Amino acid sequence: MIPVAKPWLGQEEIEAVKRPLSSGWVTQGPEVAAFEQEFAEFVGAEHACAVSNCTVALHLALRAVGVGPGDEVITVSHSFIATANAVRYCGATPVFVDIEPGTFNMNPALIEPAISERTKAILCVHQVGMPCNLAEIVAIAREHGLAVVEDAAPAIGSEILWQGEWQRIGRPHGDIACFSFHPRKLLTTGDGGMITTNNPEWDKKFRLWRQHSMSVPDTVRHGARQVIFESYVELGFNYRMTDIQAAVGREQLKRVPEMVARRRYLVERYRQKLSEIPGVGLPEEPAWARSNWQSFVVRLPEAANQRDVMQFMLDRGVSTRRAVMNSHREPAYAQEPWLCARRGQCDCAPGSCEMLIESERAQDHAIILPLFQLMTEEQVDEVVETLSAALTAKT
Ligand SMILES: *Cc1c(COP(=O)(O)O)cnc(C)c1O
């Protein structure tokens, strides 16, 4: 069986968890602090704050830029559901814009018609690792006084050409970027997340909020020679990362350049082999982007049945996944407030939206092919042959 994804962990990670386990300091402590510093350096950000996962990272990021009840946030429906959910955690309404078919990312040309007096921020996504068009998105945001939060959950190690220079995603190029360390991403800590920003005030807020808004963290009280009573200065959360996770993350971070290189190599092979199958659409990588290829998404010919193709491949030992979901088609969004650029003035059937045609088409016609560090060239060829057989069998 060829799995669709598989984390790359080794002896180094096993050795690393011995440090917190033998020291006795297992929750957020020195390993987290070191991981934050190394991560900030890696992406070129001033500040990095570790949290429990990317979903809570997005919650804190939107809170920091002032998103609250009654506000609107422009984002994509075509993303993992956590993107839109984070907007709702703030009591705000997600306003969905469609994607570009080639990159599966937010179409910048559709942002302006979606802006209203209530719009506070743009929450853009670097979907499956492909950088979105930040140059255009940030320019529109600045013109309208909106904050830009980057959902960079899957984008560790991806790069963007910025003012003539290749830079890693997470610098950030918007105001705040949020990363995930779930096992489906390149770098994993089991679960985990990171928030990067160049704004020291926001970074202070993240550190406060992730630990119950406690005035004096336990790391400080632990080392103090005088008794300290802490206070809880505003509503906070328990969004901490543990030192056990951070120890793994520090080792994983060292592997990222090799992970990206291997994926880019395997994707090249996929592209060559797949170009021989008629009707299969390959993802576009703009000249200003270098994807880490967290996932490799291909479009099936219009006539092919997605489920049948996936089942045919699974029966022959090749695991695939349906491409990225659409939040507006999920039951959790059936009764709940979300808007498109028509602001509810449309008569679309529930679970569909004519303003989100490309998002829906991508979900219905694209699949994720296997891609992981230890995948061999022969396995790539086998996947392509199986896909080819599936398409001839079904069309
Ligand atoms: C994985 C992912 C998330 C959620 O990350 P968690 O760390 O699991 O909370 C959010 N957005 C996108 C685009 C993702 O790919």
Side-chain angles (χ1 to χ4, degrees), residues 4-5 7 32 35 39 48-63 73-90 94 96-97 99-100 103-106 121-132 134 137 148-158 169-170 172 174 176-196 206 210 237-242 245-246 248-249 252-253 263 283 289 291-297 321-328 330 332-333 359 362-363 366 368 371:
V4 74
V32 166
F35 184 33
F39 194 93
C49 177
V51 288
S52 322
N53 54 65
C54 185
T55 306
V56 303
L58 293 169
H59 181 202
L60 296 189
L62 291 171
R63 224 169 168 255
V73 175
I74 294 174
T75 188
V76 282
S77 170
H78 184 76
S79 182
F80 184 58
I81 198 162
T83 309
N85 281 353
V87 176
R88 287 174 57 187
Y89 296 160
C90 299
F96 296 134
V97 298
I99 56 163
E100 299 171 318
T103 61
F104 302 98
N105 274 328
M106 177 182 278
I122 300 174
L123 173 55
C124 57
V125 183
H126 304 299
Q127 198 55 257
V128 296
M130 179 65 72
C132 63
L134 278 171
I137 292 168
V148 176
V149 174
E150 300 170 47
D151 181 344
I156 182 71
S158 296
I169 292 294
I176 302 172
C178 302
F179 291 86
S180 169
F181 307 134
H182 180 272
R184 276 295 291 274
K185 324 297 181 185
L186 272 71
L187 185 169
T188 188
T189 58
D191 262 308
M194 194 71 81
I195 321 175
T196 61
F206 300 147
R210 71 173 169 183
F237 307 89
N238 180 356
Y239 285 174
R240 283 184 303 249
M241 176 184 277
T242 69
Q245 292 167 303
V248 173
Q252 286 271 288
L253 187 63
R263 279 165 185 269
S291 180
N292 67 0
W293 297 115
Q294 182 257 333
S295 288
F296 188 61
V297 180
R321 291 290 179 275
R322 190 165 66 147
V324 178
M325 59 173 297
N326 284 278
S327 297
H328 75 279
E330 292 301 318
Y333 280 74
S359 301
Q363 182 183 10
I368 296 173
L371 187 61

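Keep in mind the model is a prediction, meaning the values are calculated, not measured. As the structure lists them, so they are numbered: ligands from 1, and atoms in each ligand from 1.
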For ligand 1, list all ligand N or O to protein N or O distances below 3.5 Å, rounded to 0.1 Å.
{"unit_1": "ligand 1", "atom_1": "5 (O)", "unit_2": "S180", "atom_2": "OG", "d": "3.4"}
{"unit_1": "ligand 1", "atom_1": "7 (O)", "unit_2": "C54", "atom_2": "N", "d": "2.9"}
{"unit_1": "ligand 1", "atom_1": "7 (O)", "unit_2": "S180", "atom_2": "OG", "d": "2.7"}
{"unit_1": "ligand 1", "atom_1": "9 (O)", "unit_2": "C54", "atom_2": "N", "d": "3.3"}
{"unit_1": "ligand 1", "atom_1": "9 (O)", "unit_2": "T55", "atom_2": "N", "d": "2.9"}
{"unit_1": "ligand 1", "atom_1": "9 (O)", "unit_2": "T55", "atom_2": "OG1", "d": "2.5"}
{"unit_1": "ligand 1", "atom_1": "11 (N)", "unit_2": "D151", "atom_2": "OD1", "d": "3.3"}
{"unit_1": "ligand 1", "atom_1": "11 (N)", "unit_2": "D151", "atom_2": "OD2", "d": "2.8"}
{"unit_1": "ligand 1", "atom_1": "15 (O)", "unit_2": "K185", "atom_2": "NZ", "d": "2.6"}

Could you tell me the separation between the CD1 atom of I156 and the CD atom of Q252, rounded to the nearest 0.5 Å? 11.0 Å
Going from OG1 on T83 to CG on D151, what distance comes out if it is rounded to the nearest 0.5 angstrom? 4.0 Å
Are the side chains of S295 and R184 in touch, meaning some heavy atoms are under 4.5 Å apart? yes
Would you please indicate if the ring centroids of F39 and F181 are separated by under 6.0 Å? yes
Just checking, R63 and F237: is the charged tip under 6.0 Å from the six-membered ring centre and within 45° of the axis? no
Pair H59, Y89 - check ring pair (Phe, Tyr, Trp, His ring centres under 6.0 Å), show working. CA-CA 7 Å; H59 181 202; Y89 296 160; 5.6 Å; yes
